[in-house]
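Below: the structure, in structure tokens.
We name chains A, B, ... by the order of the sequence lines, and we start the count at 1 in each one.
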There are 2 protein chains.
Amino acid sequence: MSEKAFLEAYNPKDHDSPLVTVDAVLFTFHEGALKVLLVERANHPDRGKWCLPGGFVDMQADENLEETVIRKVKEKTGVAPPYIDQLATMGNSKRDKRGWSVTVCYTALIGYQVCEAGISTVQDAQWFDIAGLDRISLAFDHQELIRIGVERLRQKALYSIVPAYTLPDKFTLPELQHVHEVLLGKPLQKKSFRRRIEQADLLIDTGQQRTERGRPATLYRMRKHSGDHRFVANLRE
Amino acid sequence: MSEKAFLEAYNPKDHDSPLVTVDAVLFTFHEGALKVLLVERANHPDRGKWCLPGGFVDMQADENLEETVIRKVKEKTGVAPPYIDQLATMGNSKRDKRGWSVTVCYTALIGYQVCEAGISTVQDAQWFDIAGLDRISLAFDHQELIRIGVERLRQKALYSIVPAYTLPDKFTLPELQHVHEVLLGKPLQKKSFRRRIEQADLLIDTGQQRTERGRPATLYRMRKHSGDHRFVANLRE
DNA sequence: ACATATAGTGTCTTATAGTCACTATAATGC
DNA sequence: GCATTATAGTGACTATAAGACACTATATGT
């Protein structure tokens, strides 16, 4: 049989295939804490429980998985996040009561203010503080996905400035250091922190400053691809 | 409606779902070169082209995705690899002529000798040198998956000894250094290389030695979880 | 003006990688 | 046997980047 004939005769529904969903662990940083966006499930299974934003791939609307996850995040926040990265794919027969299911989970970062308006218009979406999250029961294996997402972001805090994407467009170095400190759960040397960022030329000085208390701090914004930069040496844990 | 009633009424086939496959980029190191295992496709589409070992999830036989990939690798090599890690999930409407498809791709490492017998009994499986692989046309997006796998392994060579899993159970330090050098495409300082491994106590001295030419080299084997160790500083690129 | 708070720097120390010459131990050839 | 060659492994100094911490700079509040 030719390939053409094979493809004409082929019907995907002849095979059983797992359910395929996409989820996003979307982090932000606000009021000194790392937060994750959760959504209240409107339907069975696990109706009423909180879960990650996500859902089924729409084979008509979505060209690829990334489009699916961006569509899902936009539905809840109103905007596309500036940082998105594949986190893990979970697939087994037990994670969803409806049967064998696969979820492709992404991690995304966004500033709090950027999507504040969008989130306030969506009744069922809410930021949850990472600390204490283990006390509430989430749908499916989403608790585990968040754990993996936090661990990944923590690792990145050691050798990159990816956590900067949890901040607004413009931010100060002390703010960024604070995010890293919260992620790593310990104080960092400001000299070391500043020095490596300066040497790698990762940030653009906006020329602006911001004063809260004390001396004003310089406002920076991320240079293009600064999220891809890996320092040759980690901050010590 | 109760959740119980919902689940009883639920039929996964009511939804369209993408095809779900699992693939493995299996590397080994032999005769001074990094190799990847490829399989010749017996069926449409892309019949006759080489591709990664992998295939559909068997929802009856497989409890989870990792079982699927291990089953598929065992079919071609006869053994389960000592190192396996999720690499990336590719999902879009174009990668497979049969329609919207998702592949969960793993990367795995194994010693050449360990599976030599298994591979020789499988007619359609063969090791390919990474160098020059870009000249042959692979099925689906498997060329891209291999590229991502090589890049990931190259990164790991900078801050871990994960590449050791491409070697036999027992190996010498110069052998391991050579793997890293091939991955990074440049010579490394043996003093630096040895020192960091010794300091982190990652290998077990087997007490045995091996002589090829010159002074005999000590044979080591990996300590448990040595693959998880991350050096605080990278080798310089 | 001074106290307080926070931003940012100077400089020494420490940890770890790079360099490279040196020693150690095998096989080989005369 | 002994020199030669090849490869394994070490010693010791240098270079780089992080840690520590005191010091300066520049705001606000009284």
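- Under 4.0 Å is where a charged nitrogen must lie from a carboxylate oxygen, and between A/E151 and A/R147 no such pair does.
- Using a 4.0 Å heavy-atom cutoff across all strands shown, A/E175 reaches no nucleic acid atom at all.
- Between the side chain of B/K191 and the base of D/dG11, a donor-acceptor pair under 3.5 Å is found.
- The side chain of B/P174 sits closest to D/dG9 out of D/dG9, D/dA18, C/dA27.
- A distance of 10.5 Å separates CG of A/L202 from CD of A/Q199, quoted to the nearest 0.5 Å.
- An OP1 or OP2 oxygen of C/dT16 is reached within less than 4.0 angstrom by no side-chain nitrogen or oxygen of B/S192.
- Taking only side-chain atoms of B/R215, from C-beta outward, the nucleotide of D/dT28, C/dG8, C/dT25 with the closest atom is C/dT25.
- When the nearest nucleotides of DNA chain D are assigned to A/Q189 and B/K190 by heavy-atom distance, the more 5′-ward of the two goes with B/K190.
- Place B/P216 and B/F231 on DNA chain C by their nearest nucleotides, and B/F231 ends up nearer the 5' end.
- Across the protein-nucleic acid pair, A/D205 atom CG and C/dG8 atom C1' stand 13 Å apart, rounded to whole Å.
- The aromatic rings of B/H180 and B/F193 stand perpendicular to each other, their planes meeting at an angle above 60°, with 30° marking the opposite boundary.
- Dashed line: the shortest gap from a side-chain N or O of A/R194 to OP1 or OP2 of C/dT9 is under 4.0 Å.
- Regarding contacts with the backbone of C/dG8, a side-chain N or O of A/T218 is found under 4.0 angstrom from either OP1 or OP2.
- Contact check, B/R213 against C/dA26: no side-chain N or O comes under 4.0 Å of OP1 or OP2.
- Sequence order on DNA chain C of the closest nucleotides to B/V232 and B/E212 puts B/V232 first from the 5' end.
- Counting only heavy atoms from C-beta on, B/Q199 has its side chain closest to C/dT16 among C/dT16, D/dA17, D/dA8.
- The existence of a salt bridge linking A/E175 and A/R210 is confirmed by a sub-4.0 Å separation between a basic side-chain nitrogen and an acidic carboxylate oxygen.
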